[in-house]
Protein chains: 2
Amino acid sequence: MTDAPNRSSYRHGDLRQALIEAGLDMARQGGPDAIVLREATRRAGVSPNAAYRHFADRQELLEAVSASAQGLAADAMEDAVEAQPGTGDPAVDARLRVGAVGRGYLAFARREPGLFRAAFTVPNDLSEAFDADKAGYRGRTPFQVLAEALDALHAAGVLPAERRQGAELLAWSSVHGLGMLALDGPLRGLTDEMLDGATERLLLMVDRGL
Amino acid sequence: MTDAPNRSSYRHGDLRQALIEAGLDMARQGGPDAIVLREATRRAGVSPNAAYRHFADRQELLEAVSASAQGLAADAMEDAVEAQPGTGDPAVDARLRVGAVGRGYLAFARREPGLFRAAFTVPNDLSEAFDADKAGYRGRTPFQVLAEALDALHAAGVLPAERRQGAELLAWSSVHGLGMLALDGPLRGLTDEMLDGATERLLLMVDRGL
DNA sequence: GGAAGGATGTGTACGCTGTCCACAATGACA
DNA sequence: TGTCATTGTGGACAGCGTACACATCCTTCC
């Protein structure tokens with residue numbers, strides 16, 4: 001991550017990416033507020049102002065880091081989906097898949113609270129929910145991962161069309177809320193077991209309520 | 001809010017409260033990040049260091065402002081409950097009351113996004129969910145308002161005991177998530193009508209899923 | 001192949017922030 | 001009335017984000 005001492009040329013090579021990665025490291029430990037531009041340049045072995053060749057200001061760096069963190073979240077979600085064994089029944093599988101998406105999202109929140117906050121706490125428009133820089137290594141953004149799971153739910157005949165529309169909202173809100181409350185909010189002190197329980201109950205509620 | 005010019009005595013009178021109120025004003029316009037200690041002292045007509053007689057550091061001021069903002073949220077929630085007309089049927093009323101709590105919460109989020117973020121984004125323990133400084137003018141904290149509505153749901157026979165426990169979690173998560181996504185998240189651009197629709201659908205899901 | 005010009009990095013500087021320290025004014029109480 | 005804890009002041013410091021002018025490099029085109 002740091003290539004401060006070993007830089008032969010005047011040019012860095014890929015400073016933009018280096019700054020984002022430094023930002024990710026800082027966010028990992030303290031959320032978006034811990035992302036400090038000067039420190040990022042320090043870690044990249046570059047003068048503070050060099051950052052301004054790649055980002056208009058700190059806010060833009062923040063957004064780039066947030067986008068990267070969203071990609072990592074997408075990975076966690078897809079991992080959870082892949083780990084979900086199939087039952088042979090398409091309807092059941094589709095429902096399990098939606099659950100796995102939620103579980104993956106929350107697992108990411110708990111495993112990487114700082115990155116989670118960086119990903120989903122920094123202002124973000126729905127219009128950009130498909131931007132490539134928010135995608136994980138499989139090429140999908142968190143929103144896409146959820147949307148496709150819901151599409152599958154619809155395709156399997158579980159979710160009628162009129163309730164498919166806007167279903168992202170309901171599912172995402174619930175799960176996101178639990179994540180936030182468990183991180184910053186009143187649920188901080190909860191044990192892992194309690195959080196697991198809350199997660200399953202919440203997913204059940206969403207499954208029934210969609 | 002500002003009593004900068006008119007202070008006759010060396011003593012301020014109630015500097016602590018003045019700083020909190022200045023903090024609330026700043027938070028109203030930019031969320032918790034916009035709360036700056038020096039600016040608060042400036043508005044209170046006092047030197048920067050005076051703040052340290054009342055708060056150990058900026059973080060403590062932040063927490064005090066957050067607590068006050070939670071009180072305002074509690075007010076909004078109770079207002080919504082009071083505005084809810086009764087139907088005569090206790091079971092229906094209890095369910096409507098829970099819905100009103102959620103609607104009040106979200107109305108507050110949309111009316112005062114900065115204060116909402118200050119209230120529920122600043123780290124906060126469940127163990128302190130009943131602290132008096134988080135209460136609104138009716139003396140209840142947001143958590144209490146929700147808990148009592150759920151108690152009423154149980155008392156009305158709608159919510160069996162085994163599902164009453166931890167129900168705060170489910171209800172709060174869903175509603176909180178929608179609030180956050182609508183403020184900072186991908187749902188920022190949604191029109192009022194769309195948000196209203198999402199709110200009602202979400203509340204329906206919670207009502208069915210609790 | 002050499003000059004031109006855009007892209008990228010550096011140096012210096014400014015105002016602002018949170019916070020530390022020593023000191024001053026005040027009010028309460030012996 | 002004198003003592004002392006409480007509350008406010010003044011000055012200082014390092015760190016931050018950022019602006020401006022300048023340096024270095026890479027590419028491109030004659």
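Just so we're on the same page: letters track the sequence lines, and every chain starts at 1.
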For residues 203-210 of chain A, which side-chain N or O atoms pair as donor and acceptor with protein atoms under 3.5 Å away, sequence neighbours left out?
{"residue": "A:D207", "atom": "OD1", "partner": "A:R95", "partner atom": "NE", "Å": "3.1"}
{"residue": "A:D207", "atom": "OD2", "partner": "A:R95", "partner atom": "NE", "Å": "3.3"}
{"residue": "A:D207", "atom": "OD2", "partner": "A:R95", "partner atom": "NH2", "Å": "2.5"}
{"residue": "A:R208", "atom": "NH2", "partner": "B:G209", "partner atom": "O", "Å": "2.9"}

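Atom CG of A:L61 and atom C1' of D:dC16 are 14 Å apart (whole Å). Spacing between atom CZ of A:F55 and atom C1' of C:dT8 amounts to 14 Å, rounded to whole angstrom units. The CG atom of A:L19 sits 13 Å away from the P atom of C:dT8 (whole-angstrom rounding). Across the protein-nucleic acid pair, B:D33 atom CG and D:dG17 atom P stand 13 Å apart, rounded to whole Å. When the C1' atom of D:dG8 is taken as reference, atom CG of B:D14 falls 15 Å away, rounded to whole Å. In this structure, the CD1 atom of B:I35 is 11 Å from the P atom of C:dG18, given to the nearest Å. Rounded to an integer number of Å, the gap from B:L62 CG to C:dT19 P is 11 Å. As rounded to whole Å, 13 Å separates atom C1' of C:dT19 from atom CZ of B:R53.
Taking 4.0 Å as the cut-off between side-chain N and carboxylate O, B:D33 and B:R117 do not count as a salt-bridged pair.
Closest-nucleotide positions on DNA chain D for A:P48 and B:H54 were compared, and the one nearer the 5' end corresponds to B:H54.
Taking A:D79 as the reference, A:R138 meet the salt bridge (charged side-chain N to carboxylate O under 4.0 Å, His left out) condition, with sequence neighbours excluded. Checked against side-chain contact (heavy atoms from CB on, under 4.5 Å), A:V81 has the following partners two or more places apart in sequence or in another chain: A:R97, A:A100, A:V101. By the salt bridge (charged side-chain N to carboxylate O under 4.0 Å, His left out) test, A:E128 is found to be paired with no residue, residues two or more places apart in sequence or in another chain being considered.
Taking only side-chain atoms of A:A50, from C-beta outward, the nucleotide of C:dT10, D:dG8, D:dG17 with the closest atom is C:dT10. Checked against D:dG8, D:dT18, C:dG9, the side chain of B:V46 finds its nearest nucleotide in D:dG8.
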Considering only nitrogen or oxygen atoms on both sides, find all protein atoms under 3.5 Å from nucleotides 13-17 of chain C and state each distance.
{"residue": "C:dT17", "atom": "OP2", "partner": "B:R42", "partner atom": "NH2", "Å": "2.6"}

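Sorted by first then second residue, the ring pair (Phe, Tyr, Trp, His ring centres under 6.0 Å) pairs that include residues 36-65 of chain B, not counting sequence neighbours, number zero.
Judged purely by distance below 3.5 Å, without hydrogens or angles, the side chains of A:E21 and A:Q17 pair a donor atom with an acceptor atom.
Between B:H12 and C:dT26, a side-chain N or O to OP1/OP2 separation shorter than 4.0 Å is absent.
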